[in-house]
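See structure below.
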Amino acid sequence: MPELPEVETVRQGVARWVAGRRIATVEVHHPRAIRRHLPGAEHFATVLVGRTVLDACRRGKYLWLPLDSGDAIVGHLGMSGQLLVQPAEAPDETHLRVRFTFDDDGPQLRFVDQRTFGGLAVSEGGAALPAEIAHIARDPMDPEFSDADFLAGLRRRRTEVKRALLDQTLISGVGNIYADEALWRARLHGARQTDTLTGPAVGRLLGHVRDVLGEAIKVGGTSFDALYVNVNGESGYFDRALNVYGREGLPCTRCGTPIRREPFMNRSSHSCPRCQPRPRVLGRRS
DNA sequence: CGTATTCCCTGGGGGC
DNA sequence: TGCCCCCAGGGAATAC
């Protein structure tokens with residue numbers, strides 16, 4: 001389940017292993033993987049062959065690879081997507097969707113995605129920032145992220161704080177897992193109305209969001225090895241560092257109260273009933 | 001217009 | 001053992 005730390009790990013790997021290389025061939029193995037590229041698979045391949053990848057960049061959970069043509073490859077991993085750097089002789093992955101080869105005959109770049117929520121597209125003239133993702137807010141690790149603007153955005157809204165954390169046009173990179181973890185650290189229930197939060201409380205919440213993302217990025221870096229970019233969210237920190245996510249019924253690491261799981265937008269929210277009491281009346285969900 | 005819900009997709013796992 | 005249904009979840013599209 002790639003959120004900001006996983007996508008950042010992938011970005012670093014692609015920048016290291018793919019930047020500076022010229023694309024030789026492009027194979028689209030599943031049309032759904034490029035459904036956002038409206039001109040279709042043939043155009044996708046044609047426009048990319050011969051182009052040199054200059055870098056790997058990230059906005060929230062989106063990646064883009066600027067090309068020497070001024071265009072960019074835009075990608076989203078969805079929830080099961082991986083970008084792997086693999087030697088040509090490595091057997092095809094079961095869910096291999098797109099393969100790039102390079103004219104240096106070095107390792108291939110492969111987009112692998114079991115559930116095809118993710119995808120790739122070419123953004124015309126998108127090398128600096130693809131127009132397709134211009135609506136995505138900066139992430140809280142970005143030096144240009146504005147805490148004041150975020151606070152103002154929360155104040156303008158009539159919604160719950162967890163919904164706000166997941167709104168990528170307000171703050172990007174945070175998904176269900178890290179939202180739950182940051183709210184636990186901040187001792188806030190996700191159903192708190194955003195306009196009931198004080199400025200200092202929002203500041204503390206942002207601090208916890210940054211802490212949890214930063215800690216995860218550090219561990220995510222270890223999932224690399226010399227030959228391939230691994231986007232394996234389960235390995236590494238997942239089991240060790242989580243305090244609430246996936247821990248229903250297990251004791252809160254702070255107070256020992258069993259962690260609760262509640263339905264939330266067709267998924268789940270995890271929290272400590274004692275550290276994160278439900279808001280009183282306003283904002284209570286039936 | 002702003003906010004909330006729906007839908008896309010597949011394999012692992014639990015219940016029966 | 002096998003089948004069926006639930007579950008995971010980002011974000012665009014749609015509904016309210």
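Within every chain, numbering begins at 1; the chains are lettered A, B, ... in the order of the sequence lines, protein sequences first and strands thereafter. Below, each value reflects all heavy atoms present in this structure, side chains not excepted, and no hydrogens, waters or symmetry copies.
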Point to revise | Rounded distance (Å) that lies between atom C1' of C:dG11 and atom CZ of A:R59 | key: 16 Å

**Study point:** Reported NE2-to-CZ distance for the pair A:H76 and A:R59, which is rounded to 0.5 angstrom
**Key:** 13.5 Å

Practice item. Apply salt bridge (charged side-chain N to carboxylate O under 4.0 Å, His left out) to the pair A:K61 and A:E3, showing each step before the final yes or no. Key: CA-CA 6 Å; A:K61 302 169 196 172; A:E3 300 182 26; 5.5 Å; no

Review point. Between C:dA12 atom P and A:M79 atom CE, what is the distance in whole Å?
Key: 16 Å

Point to revise | A:R21 bridged to A:D104 by N-O distance under 4.0 Å | key: yes

Exercise for review: For A:D180 and C:dA8, give me the distance from atom CG to atom P, rounded to whole Å.
Suggested key: 11 Å

Check your understanding: Where each residue is assigned the nucleotide of DNA chain C containing its nearest heavy atom, which of A:H135 and A:F117 is assigned the position nearer the 5′ end?
Key -> A:F117

Check your understanding: How would nucleotides 1-6 of chain B be written as a contact map, 5' to 3', with B for base contact, S for sugar-phosphate-only contact and - for no contact, using protein heavy atoms under 4.0 Å?
Key -> --SSSB

Review point. In whole angstrom, what separates A:L4's CG from C:dG11's P?
Key: 11 Å

Exercise for review: Please assess A:T159 against A:R163 for the test side chain to side chain donor-acceptor pair (under 3.5 Å), listing each intermediate value before the final yes or no.
Suggested key: CA-CA 7 Å; A:T159 192; A:R163 289 177 184 271; 4.6 Å; no

Exercise for review: Examine B:dC9: is either OP1 or OP2 under 4.0 Å from a nitrogen or oxygen in the side chain of A:H95? Give yes or no.
Suggested key: no

Check your understanding: Given A:E8 and A:R58, is the salt bridge (charged side-chain N to carboxylate O under 4.0 Å, His left out) satisfied, shown in steps?
Key -> CA-CA 7 Å; A:E8 173 60 19; A:R58 182 180 58 76; 2.8 Å; yes

Study note, to complete from the structure: Contact check, residues 28-43 of chain A vs DNA chain C, heavy-atom distance under 4.0 Å, returns A:R36

**Study point:** Whole angstrom value for the distance that separates P of C:dC6 from CZ of A:R261
**Key:** 13 Å

**Study point:** Side-chain N or O of A:Q168 closer than 4.0 Å to phosphate OP1/OP2 of C:dG11
**Key:** yes

Check your understanding: Does A:D147 come within less than 4.0 Å of A:R210, counting only side-chain N to carboxylate O?
Key -> yes

**Study point:** d(CD1, A:I133; C1', C:dG11) in whole Å
**Key:** 13 Å

Point to revise | Charged N-O contact under 4.0 Å between A:R110 and A:E93 | key: yes

Point to revise | Residues A:R97 and A:D113 bridged, charged N to O under 4.0 Å | key: no

Exercise for review: Report yes if at least one side-chain N or O of A:H76 is closer than 4.0 Å to OP1 or OP2 of C:dA12; otherwise report no.
Suggested key: no

Practice item. Nearest whole angstrom, please: distance from the P of C:dG10 to the OH of A:Y62. Key: 12 Å

**Study point:** Stepwise side chain to side chain donor-acceptor pair (under 3.5 Å) test for A:T101 and A:Q108
**Key:** CA-CA 5 Å; A:T101 69; A:Q108 304 175 347; over 6 Å; no

Check your understanding: Would one find a side-chain N or O of A:S268 under 4.0 angstrom from OP1 or OP2 of C:dA8?
Key -> yes

**Study point:** Whichever of A:R115 and A:I136 has its nearest DNA chain C nucleotide further upstream toward 5'
**Key:** A:R115

Practice item. Could you check A:T52, A:T25, A:V18 and say which one makes a side chain to side chain contact (heavy atoms under 4.5 Å, CB included) with A:F102? Key: A:V18

Exercise for review: Note the angle between the end axes of the helix from B:dG2-C:dC16 to B:dC16-C:dG2, five pairs defining each, rounded to 10 degrees.
Suggested key: 60°

Review point. If we only count heavy atoms from C-beta on, is the A:I73 to A:W64 side-chain gap below 4.5 Å?
Key: no

Check your understanding: Starting at CD of A:Q114 and ending at P of C:dC7, how long is that distance when rounded to a whole Å?
Key -> 18 Å

Review point. Between B:dC9 and A:R97, is there an OP1 or OP2 to side-chain N/O distance shorter than 4.0 Å?
Key: no

Review point. Would A:R278 and A:E262 pass as an ion pair if we require N to O under 4.0 Å?
Key: yes

